[in-house]
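Have a look at the structure below before the remarks.
All chains are named by letter (A, B, ...) in the order of the sequence lines, taking the proteins before the strands, and each is independently numbered beginning at 1. The basis for the numbers below is simple: all heavy atoms, side chains too, and nothing from hydrogens, waters or symmetry mates.
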2 protein chains.
Amino acid sequence: MERDEALKLENQICFAIYACAREITKLYHPVLKELGLTYTQYIAMLALWERDRVTVKELGERLYLDSGTLTPLLKKLESLGYVLRARDRSDERQLLIEVTEAGRALKEKAFDVPEKVFCRTGLPTGELVEIREKMTELIRSIHPAEQTPASPH
Amino acid sequence: MERDEALKLENQICFAIYACAREITKLYHPVLKELGLTYTQYIAMLALWERDRVTVKELGERLYLDSGTLTPLLKKLESLGYVLRARDRSDERQLLIEVTEAGRALKEKAFDVPEKVFCRTGLPTGELVEIREKMTELIRSIHPAEQTPASPH
DNA sequence: CTTGATTCAATTGTACACAATTTAATGGTT
DNA sequence: AACCATTAAATTGTGTACAATTGAATCAAG
């Protein structure tokens, strides 16, 4: 590629993904507002609805977020009544996150979020699945040290 | 799709893109550190190297960012000596952004940023181009009101 | 059983992101 | 000229993100 071409905005895959991520988040905003959640809070609840009683570290590996982001976010979710935060008795360094009854009730209201959002994109489902697979592949190739296959407890 | 499946994290295209965007940004961090820029500052400079003497509004449309993000960012770039901010004489509401000599000099140091970053992904170029095109397509379908084809001045 | 290294969450500091509001300048209407 | 709607950037307030550091708990020798 020519010298100047390499620095053009339209040729940056990073910018395409970065801009796309923010535009999609904006798409979620009005839908999630009805649930009283922000986008990141919603993503965290998705992870917790799937798998409960996990440590901050485990949740962070799942979401690619660190304690600097998760600690205030989980405190907020706790203040909203959707999760409980309690130290692990057998290892006081760890904090276990548990979804409350209200948190599980919220899931019922969340079931139609995905469809509400994606009827706004106007893209066929097949296209979206393909994009998701390519993104997942790209994350994997960036993040190779991903060999903690969530041991069944 | 089954009810629960629709809320699984691994099925969320939004999460795949969101996580990918953040991982890529982290990839840039050490490389951009040598230039003394953050990722968003770098993206803004890319846009300005291509097209100078634009208003905050024009730059924002290009980057999908608003004045709330751009005002402090551009003040920072000004304090670093890379841009000048000056009101448009013919319309004092507008602020014109101009790249300085030091800003243009910085471009010389930026030429090898893209390659430095993408030899870290380990993916073939063709794959990356395909992803970029799909992302651009997705942004367009989300953001249809994109009919301001940058009139030649 | 104590010392030193490691691990985990929390904290600190900086920099976005964006919705919503404010302020100032401009344009159009009467 | 006076008024009102519109426009552009700045400001305000909240919530991420993340690098780097801190502090407490645990683990691993010796």
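- Comparing atom distances between the A:Arg93 side chain and each of C:dC18, D:dA25, D:dA17 picks out D:dA25 as nearest.
- Distances shown here put a side-chain N or O of A:Arg85 below 4.0 Å from the OP1 or OP2 atom of C:dA10.
- When the side-chain nitrogen and oxygen atoms of B:Thr69 are compared with OP1 and OP2 of C:dA15, none of them lie within a distance under 4.0 Å.
- Following rounding to the nearest Å, B:Leu70 (CG) and C:dA17 (P) show an atom-to-atom distance of 10 Å.
- One finds no salt bridge joining B:Glu10 and A:Arg132 here, because no Lys/Arg side-chain nitrogen approaches an Asp/Glu carboxylate oxygen to under 4.0 Å.
- For B:Thr71, counting side-chain heavy atoms from C-beta on, the closest listed nucleotide (D:dC18, C:dA10, D:dA9) is D:dA9.
- Picking from D:dC18, D:dT16, C:dC16 the nucleotide with the shortest atom distance to the side chain of B:Gln41 gives C:dC16.
- Of the two residues near DNA chain D, A:Asp88 and A:Pro72, the one whose nearest nucleotide lies more 5' is A:Pro72.
- In this model, the phosphate group of C:dA17 is approached by a side-chain N or O of A:Tyr18 to a distance below 4.0 Å at OP1 or OP2.
- Each of B:Asp91 and A:Ser90 was matched to the nucleotide of DNA chain D holding its nearest heavy atom; the match closer to the 5' end belongs to B:Asp91.
- Between B:Thr25 and the phosphate of D:dA17, there is no side-chain N or O to OP1/OP2 separation shorter than 4.0 Å.
- Rounded to the nearest 0.5 Å, atoms CD1 (B:Ile13) and CG (B:Leu138) are 5.5 Å apart.
- Annotation: the span from B:Phe15 atom CZ to B:Tyr18 atom OH amounts to 7.5 Å, rounded to 0.5 Å.
- Remark: the B:Ser67 side chain and the D:dA10 base include a donor-acceptor N/O pair separated by less than 3.5 Å.
- In this structure, B:Leu37 atom CG and C:dA15 atom P are separated by 12 Å, rounded to whole Å.
- The phosphate of C:dA10 has neither OP1 nor OP2 within less than 4.0 Å of any side-chain N or O from A:Lys57.
- Distance check, rounded to the nearest 0.5 Å: CZ of A:Arg51 to CD of A:Glu58 gives 5.5 Å.
- Closest approach to the B:Val56 side chain among D:dG15, C:dA19, D:dA9 is made by D:dA9 (side chain taken as heavy atoms from C-beta onward).
- Under 4.0 angstrom from either OP1 or OP2 of D:dT11 there lies at least one side-chain N or O belonging to B:Lys75.
- Counting only heavy atoms from C-beta on, B:Thr38 has its side chain closest to C:dC16 among D:dA25, D:dC18, C:dC16.
- Checking A:Gly68 against B:Asp66, the closest nucleotide of DNA chain C that is more toward the 5' end is the one next to A:Gly68.
- Side-chain proximity of A:Leu95 to the nucleotides D:dA19, D:dT16, C:dA10 is greatest for C:dA10.
- Residue B:Lys26 has a polar side-chain atom (N or O) positioned under 4.0 Å from OP1 or OP2 of D:dC18.
- Ranking C:dT11, D:dA9, C:dA15 by closeness to the B:Gln94 side chain, first place goes to D:dA9.
- A close approach under 4.0 Å does occur between a side-chain nitrogen or oxygen of B:Arg87 and OP1 or OP2 of D:dA10.
- Cation-pi contact between A:Arg3 and B:Phe111: present, with separation from the ring centre below 6.0 Å and deviation from the ring axis of at most 45°.
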